[in-house]
Amino acid sequence: MLASARTGAIQASVRNAQTAAFSKQASRGMKIVAILYKGGEAAKQEPRLLGTVENELGLRTWLESQGHEYLVSDDKEGANSFLHKNIHDADIVITTPFHPGYLTRELLDKAKNLKLCVTAGVGSDHVDLNAAAEKSLEVMEVTGSNVVSVAEHVVMSILLLVRNFVPAHEMIERGDWAVSDIARNAFDLEGKVVGTIGAGRIGQRVLQRLAPFNCKEFLYYDYNALLPEREKELGARRVADLKDFVSQCDVVTVNAPLHDGTRHLVNKDLLAHFKKGAWLVNTARGAICNAEDVAAAVKAGQLNGYAGDVWNVQPAPKEHPWRYMKNPLGGGNGMVPHYSGTTLDAQLRYAQGTKEILQNFFEGKPQIPANVIIGNKGYATSSYGQR
Ligand code: NAI
């Protein structure tokens with residue numbers, strides 16, 4: 001045990017020294033590959049759409065002026081894709097959760113020069129983090145860059161489900177007017193119990209923003225307990241058992257990262273423990289919920305509604321059940337494309353944050369600790385699973 005701990009420490013310090021030496025001597029001439037989403041005409045007309053292939057996170061001039069090669073594309077799937085063809089000699093890969101360039105173990109095996117993976121945004125589940133840790137790759141994200149953007153979207157989604165907004169608006173667009181058809185499934189948020197799975201940056205901001213709505217209670221489920229003072233500030237009570245937690249909530253919002261412990265966490269079994277007619281909002285990651293089980297629960301009225309912007313496959317195929325599911329009264333679907341964390345305000349923050357991470361890396365300076373997901377000692381955060 002002792003010997004292996006010592007060997008580990010020696011390896012880590014050698015790696016640290018190598019990284020520092022590398023950063024100083026190789027600050028020029030790196031190959032940087034970015035996978036972003038296509039912005040089309042919108043991106044040409046709106047330069048603040050920084051997270052697009054067209055606007056390249058605003059990094060090209062800066063990177064090229066320092067002698068780096070910067071390659072940008074949205075083409076990420078399959079052996080002949082841009083990502084797969086360029087990974088073998090890339091030094092740095094930048095990806096975004098909005099159009100995830102999946103950095104699987106197989107792909108990382110091919111990436112012989114890779115040192116750093118940067119997520120322009122928050123949520124690095126599209127990178128095989130265990131493989132990255134084993135290979136001493138660093139994984140950084142721009143922590144906090146879009147947490148307000150998502151929290152606002154969660155509050156909006158809770159309200160639009162509880163108040164039955166979407167079918168009401170669709171009725172107006174159709175030219176109809178039948179108040180009772182909408183009102184028979186519209187409620188107030190006041191007096192309801194709202195619970196968050198994951199009480200990190202976004203989960204806490206959601207509860208903060210819901211404070212004036214006079215909800216009956218705020219609950220949270222998280223293996224990282226909040227400090228008692230923080231629980232008091234938020235007015236939140238921790239429930240340690242997930243089934244017990246969901247059985248007490250009128251509204252559940254999912255705000256935990258996707259990892260082995262959260263994949264398909266919300267499935268048929270768990271949904272059976274929800275209050276009948278509860279509402280579920282998931283802006284964290286699509287694969288935390290089982291898509292078919294959620295669609296069946298909405299169709300049966302076990303869930304009165306489901307809303308979110310994240311999908312288990314992105315872009316979501318045309319036939320995805322979440323596009324079309326409805327509750328028995330014809331509402332309960334608040335799905336949108338993955339955009340809650342990519343408002344123009346958020347794009348500026350995550351583009352600037354990406355630049356800062358690159359600059360620190362080039363200059364061998366320490367990174368902001370909160371941005372480090374995998375550092376040179378492996379996992380640097382407790383958010384991606386208990387270990
Ligand atoms: P955070 O790291 O501040 O908080 C995550 C919390 O989830 C932590 O308190 C952690 O202990 C908890 N957690 C992890 N596993 C859990 C489990 N099995 N059960 C209960 N709690 C668990 O992260 P932050 O900034 O709040 O973001 C959360 C997630 O939201 C991101 O990882 C990302 O997947 C998603 N996100 C989505 C965006 C969008 O545009 N839709 C944008 C930004 C983030």
Side-chain angles (χ1 to χ4, degrees), residues 37 51 95-100 119-127 129 139-157 195-209 219-227 230-231 234 236 238-246 249 252-267 270 281-289 307-312 314 316 334-347 349-350 353 369-373 379-387:
Y37 58 89
T95 50
T96 161
F98 307 105
H99 181 70
T119 300
V122 173
S124 298
D125 51 278
H126 57 282
V127 182
L129 295 175
V139 181
M140 310 277 160
E141 57 186 47
V142 191
T143 296
S145 57
N146 50 16
V147 294
V148 164
S149 322
V150 179
E152 289 186 2
H153 194 97
V154 174
V155 172
M156 175 185 77
S157 300
T196 175
I197 297 179
R201 296 174 182 86
I202 297 175
Q204 291 182 47
R205 280 169 177 77
V206 169
L207 299 186
Q208 270 175 333
R209 280 157 179 74
L219 305 180
Y220 77 98
Y221 170 80
D222 195 317
Y223 52 72
N224 283 316
L226 296 170
L227 293 171
R230 188 61 181 149
E231 284 188 355
L234 293 169
R238 184 173 178 222
V239 180
D241 178 79
L242 184 57
K243 287 176 181 160
D244 183 21
F245 166 84
V246 297
C249 294
V252 174
T253 155
V254 185
N255 298 297
L258 175 64
H259 55 78
D260 293 344
T262 54
R263 189 174 297 277
H264 287 186
L265 187 68
V266 182
N267 56 25
L270 187 68
V281 172
N282 175 15
T283 51
R285 283 297 175 260
I288 295 175
C289 296
D309 66 327
V310 286
W311 303 70
N312 53 333
Q314 293 188 184
M335 290 307 294
V336 293
H338 190 170
Y339 84 102
S340 73
T342 191
T343 58
L344 293 182
D345 299 300
Q347 296 197 38
R349 290 191 293 264
Y350 68 67
N371 286 349
V372 185
I373 303 303
Y379 279 89
T381 167
S382 62
S383 286
Y384 284 84
Q386 287 168 294
R387 47 180 66 77

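Numbers here simply count residues along the sequence, with the first being 1. We count ligands from 1, going down the list as the structure has it; atoms in each ligand are counted the same way. As the structure is a prediction and not an experimental result, all values here were calculated from the model.
For ligand 1, the polar-atom distance check against His338 finds a nitrogen or oxygen pair separated by under 3.5 Å. On a distance-only criterion, Asp309 and ligand 1 share at least one N/O pair closer than 3.5 Å. Here's the thing with Tyr339: none of its N/O atoms is less than 3.5 angstrom from an N/O atom of ligand 1. An N or O contact shorter than 3.5 Å links Gly341 to ligand 1 by distance.
For atom 30 (O) of ligand 1, the nearest non-hydrogen atom of the protein is Ile202 CD1, 3.6 Å. The protein heavy atom nearest to atom 35 (C) of ligand 1 is Ala284 O, 3.5 Å. Among all protein heavy atoms, the one lying closest to atom 20 (C) of ligand 1 is Tyr221 O, 3.4 Å. Closest protein heavy atom to atom 22 (C) of ligand 1: Ala256 CB, 3.7 Å. Nearest protein heavy-atom neighbour of atom 38 (C) of ligand 1: Val150 CG2, 3.5 Å. For atom 28 (C) of ligand 1, the nearest non-hydrogen atom of the protein is Asn255 O, 3.6 Å. Nearest protein neighbour of atom 41 (N) of ligand 1, counting heavy atoms only, is Thr283 O, 2.9 Å. Nearest non-hydrogen protein atom to atom 18 (N) of ligand 1 is Thr262 CG2, 3.3 Å.
Residue-ligand proximity: Gly121 is placed with every non-hydrogen atom at 4.0 Å or more from ligand 1. Using a non-hydrogen distance threshold of 4.0 Å, His259 registers as a contact of ligand 1.
Taking a cut-off of under 4.0 Å to the non-hydrogen atoms of Asn146, the atoms of ligand 1 that pass are 42 (C), 43 (C). For ligand 1 and Phe98, the ligand atoms under 4.0 Å from any heavy atom of the residue are 40 (O).
Under 3.5 Å, the side chains of Arg349 and Ser149 contain a donor-acceptor pair of N or O atoms. In this structure, a donor-acceptor pair under 3.5 Å is absent between the side chains of Gln204 and Tyr220. Side-chain contact annotation: Ser382 with Tyr223, donor-acceptor N/O pair under 3.5 Å absent.
With Gln347 as the fixed residue, the side-chain hydrogen bond (donor to acceptor under 3.5 Å, both in side chains) test singles out one of Asn146, Thr342, Thr96: Thr342. A side-chain contact (heavy atoms from CB on, under 4.5 Å) with Asn255 is found for exactly one of Asp222, Ile197, Ile288, Val154, namely Val154. The one candidate from Thr381, Val372, Asn371 that meets the side-chain contact (heavy atoms from CB on, under 4.5 Å) condition with Thr143 is Asn371. For the side-chain contact (heavy atoms from CB on, under 4.5 Å) test with Pro97, the passing option among Glu141, Gln314, His338 is His338; the others fail.
Counting heavy atoms only, Asp222 comes closest to atom 9 (O) of ligand 1 of the residues Asn224, Asp222, Val336. Of all the listed residues (Leu242, Val147, Val154), Val147 holds the heavy atom that lies closest to atom 25 (O) of ligand 1. Ranked by closest heavy atom to atom 7 (O) of ligand 1, the top entry among Pro257, Ser383, Gly261, Gly200 is Pro257. Summarising the contacts of atom 23 (O) of ligand 1 with Arg201, His126, His153, the nearest heavy atom is found in Arg201.
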**Message:** side chain to side chain contact (heavy atoms under 4.5 Å, CB included) for Leu258 and Arg263? Distances and angles first, verdict last.
**Reply:** CA-CA 6 Å; Leu258 175 64; Arg263 189 174 297 277; 3.9 Å; yes

**Prompt:** Can you check side chain to side chain contact (heavy atoms under 4.5 Å, CB included) on Leu265 and Leu242, steps first, answer last?
**Reply:** CA-CA 10 Å; Leu265 187 68; Leu242 184 57; 3.7 Å; yes

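Remark: side-chain polar atoms of Thr196 are paired, donor with acceptor, to backbone N or O of Gly198 under 3.5 angstrom. No donor-acceptor pair closer than 3.5 Å links the side chain of Trp311 to the backbone N or O of Ala287.
The proximity of Arg285 to ligand 1, defined as any non-hydrogen pair under 4.0 Å, is limited to the side chain. Of the heavy atoms in Val310, only side-chain atoms (C-beta onward) come closer than 4.0 Å to ligand 1.
Residues Val246 and Tyr221 are not in side-chain contact: their nearest non-hydrogen atoms beyond the backbone lie 4.5 Å or more apart.
Using a 30° and 60° split on the angle between ring planes, Tyr37 and Phe98 fall in the perpendicular class, above 60°.
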